[in-house]
Colleague: 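Got a structure here, written out as structure tokens. Questions coming.
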Amino acid sequence: QVQLVESGGGLVQAGGSLRLSCAASGFIFSVNVMGWYRQAPGKQREFVARISNGGITNYADSVKGRFTISRDNAKNTVYLQMNSLKPEDTAVYYCAKLLPGPSSWGQGTQVTVSS
């Protein structure tokens, strides 16, 4: 059974940093594209970042230069380092297992950035 457990969310001031972690199990982590998505109150879920099995990364324009996605295949863990946080980054952040096969999602972790 696929499991994705996010951690590291919390409340930070604007300009601060957080590192989110996603512990994965139940699939062959090393061959999957992994990603982070977020959903703010009243808004649609949006793409944040993804990383291929080979370490190729892609970012939403809104976070590029501030966020860094990485993975540790030995630990079956994907990370999202978030720097220079802005109030508009406030959202529930979801870890995602993407290709190959159907997508799976974690339960999310709340990130709140105060002004």
Side-chain angles (χ1 to χ4, degrees):
Q1 196 75 21
V2 172
Q3 283 192 296
L4 301 168
V5 182
E6 301 97 335
S7 62
L11 174 64
V12 297
Q13 293 183 334
S17 298
L18 283 174
R19 188 181 72 162
L20 306 183
S21 298
C22 173
S25 62
F27 63 99
I28 305 174
F29 178 84
S30 61
V31 307
N32 276 266
V33 177
M34 300 295 298
W36 289 94
Y37 289 72
R38 67 187 183 187
Q39 187 167 22
K43 294 186 177 181
Q44 194 173 135
R45 184 186 65 190
E46 67 174 343
F47 164 78
V48 175
R50 61 174 173 260
I51 183 167
S52 75
N53 60 339
I56 304 300
T57 59
N58 192 29
Y59 299 92
D61 288 342
S62 59
V63 308
K64 193 171 185 178
R66 299 188 297 119
F67 291 11
T68 303
I69 188 171
S70 61
R71 65 193 297 162
D72 186 336
N73 288 344
K75 296 182 178 180
N76 283 8
T77 302
V78 61
Y79 305 94
L80 185 68
Q81 178 66 47
M82 305 185 294
N83 299 326
S84 302
L85 283 161
K86 305 174 181 179
E88 50 263 46
D89 295 319
T90 295
V92 177
Y93 283 71
Y94 297 93
C95 178
K97 168 192 177 293
L98 303 174
L99 295 174
S103 297
S104 297
W105 305 87
Q107 64 183 0
T109 185
Q110 177 70 49
V111 172
T112 302
V113 184
S114 62
S115 60

Colleague: Could you give the distance from CG (N76) to CG (N32), rounded to the nearest 0.5 Å?
Modeller: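 Between N76 CG and N32 CG, I get 10.0 Å after rounding to 0.5 Å.
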Colleague: Please list, chain by chain and in numerical order, all residues satisfying side chain to side chain donor-acceptor pair (under 3.5 Å) with Q81, sequence neighbours excluded.
Modeller: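 Q81 satisfies side chain to side chain donor-acceptor pair (under 3.5 Å) with N83 once adjacent residues are dropped.
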Colleague: Using the salt bridge (charged side-chain N to carboxylate O under 4.0 Å, His left out) criterion, which residues pair with R19? Sequence neighbours excluded.
Modeller: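 For R19 there are no salt bridge (charged side-chain N to carboxylate O under 4.0 Å, His left out) partners, ignoring immediate neighbours.
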Colleague: Not counting sequence neighbours, which residues clear side chain to side chain donor-acceptor pair (under 3.5 Å) with S70? List them please.
Modeller: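 Applying side chain to side chain donor-acceptor pair (under 3.5 Å) to S70 gives none.
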Colleague: What residues, two or more places apart in sequence or in another chain, satisfy side-chain contact (heavy atoms from CB on, under 4.5 Å) together with S25?
Modeller: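 With sequence neighbours excluded, S25 shows a side-chain contact (heavy atoms from CB on, under 4.5 Å) to Q3, given in chain and number order.
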Colleague: One pair to check against side-chain contact (heavy atoms from CB on, under 4.5 Å): R38 and E46. What are the steps and the verdict?
Modeller: CA-CA 5 Å; R38 67 187 183 187; E46 67 174 343; 2.6 Å; yes
Colleague: Running the 4.5 Å side-chain criterion over Ile, Leu, Val, Met, Phe, Trp and Tyr, what cluster does V63 land in, apart from itself?
Modeller: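 V2, L4, V12, L18, L20, F27, F29, M34, W36, V48, I51, Y59, F67, I69, V78, L80, M82, L85, Y93, V111, V113, which link up through side-chain heavy atoms under 4.5 Å apart, make up the rest of the cluster.
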Colleague: How would you list, by chain and number, every residue that makes a side-chain contact (heavy atoms from CB on, under 4.5 Å) with T112, sequence neighbours excluded?
Modeller: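 Checked T112 against side-chain contact (heavy atoms from CB on, under 4.5 Å); matches are L11, T90, Q110.
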Colleague: Do the side chain of E6 and the main chain of G108 share a donor and acceptor less than 3.5 angstrom apart?
Modeller: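 Yes; judged by distance alone, with no hydrogens or angles, the pair exists.
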Colleague: If every non-hydrogen atom of A14 is compared with every non-hydrogen atom of S115, which pair is closest and at what distance?
Modeller: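 Closest heavy-atom pair between A14 and S115: CB-CA, 4.4 Å.
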Colleague: Sequence neighbours excluded, which residues qualify as salt bridge (charged side-chain N to carboxylate O under 4.0 Å, His left out) partners of E88?
Modeller: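 For E88 there are no salt bridge (charged side-chain N to carboxylate O under 4.0 Å, His left out) partners, ignoring immediate neighbours.
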Colleague: Could you give all pairs that pass the salt bridge (Lys or Arg N to Asp or Glu O under 4.0 Å) test and reach residues 20-29, with sequence neighbours left out?
Modeller: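 Every candidate salt bridge (Lys or Arg N to Asp or Glu O under 4.0 Å) pair involving residues 20-29 fails, so no pair, neighbours aside, qualifies.
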Colleague: Scan for disulfide bond (SG atoms under 2.5 Å apart) pairs involving residues 39-79, sequence neighbours excluded, and state none if there are none.
Modeller: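 Qualifying pairs, neighbours excluded: none.
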Colleague: Does anything in residues 57-80 form a salt bridge (Lys or Arg N to Asp or Glu O under 4.0 Å)? List the pairs, not counting sequence neighbours.
Modeller: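 Applying salt bridge (Lys or Arg N to Asp or Glu O under 4.0 Å) to every pair that reaches into residues 57-80, excluding sequence neighbours, yields R66-D89.
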Colleague: Do you know which two heavy atoms are closest between T77 and S21, and how far apart they sit?
Modeller: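 Between these two residues, the closest heavy atoms are CG2-CB, 4.4 Å.
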Colleague: Scan residues 94-115 for pairs that pass ring-ring contact (aromatic ring centres under 6.0 Å, His included), counting only residues two or more places apart or in two chains.
Modeller: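 The answer is Y37-W105.
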Colleague: Please give me the minimum heavy-atom distance between L98 and S103, naming the atom from each residue.
Modeller: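 Heavy atoms only, the tightest pair is CD2-OG, 3.7 Å.
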Colleague: Listing request: all disulfide bond (SG atoms under 2.5 Å apart) pairs with a residue in residues 75-115, at least two apart in sequence or in separate chains.
Modeller: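 Checked against disulfide bond (SG atoms under 2.5 Å apart) - neighbours excluded - the pairs reaching residues 75-115 are C22-C95.
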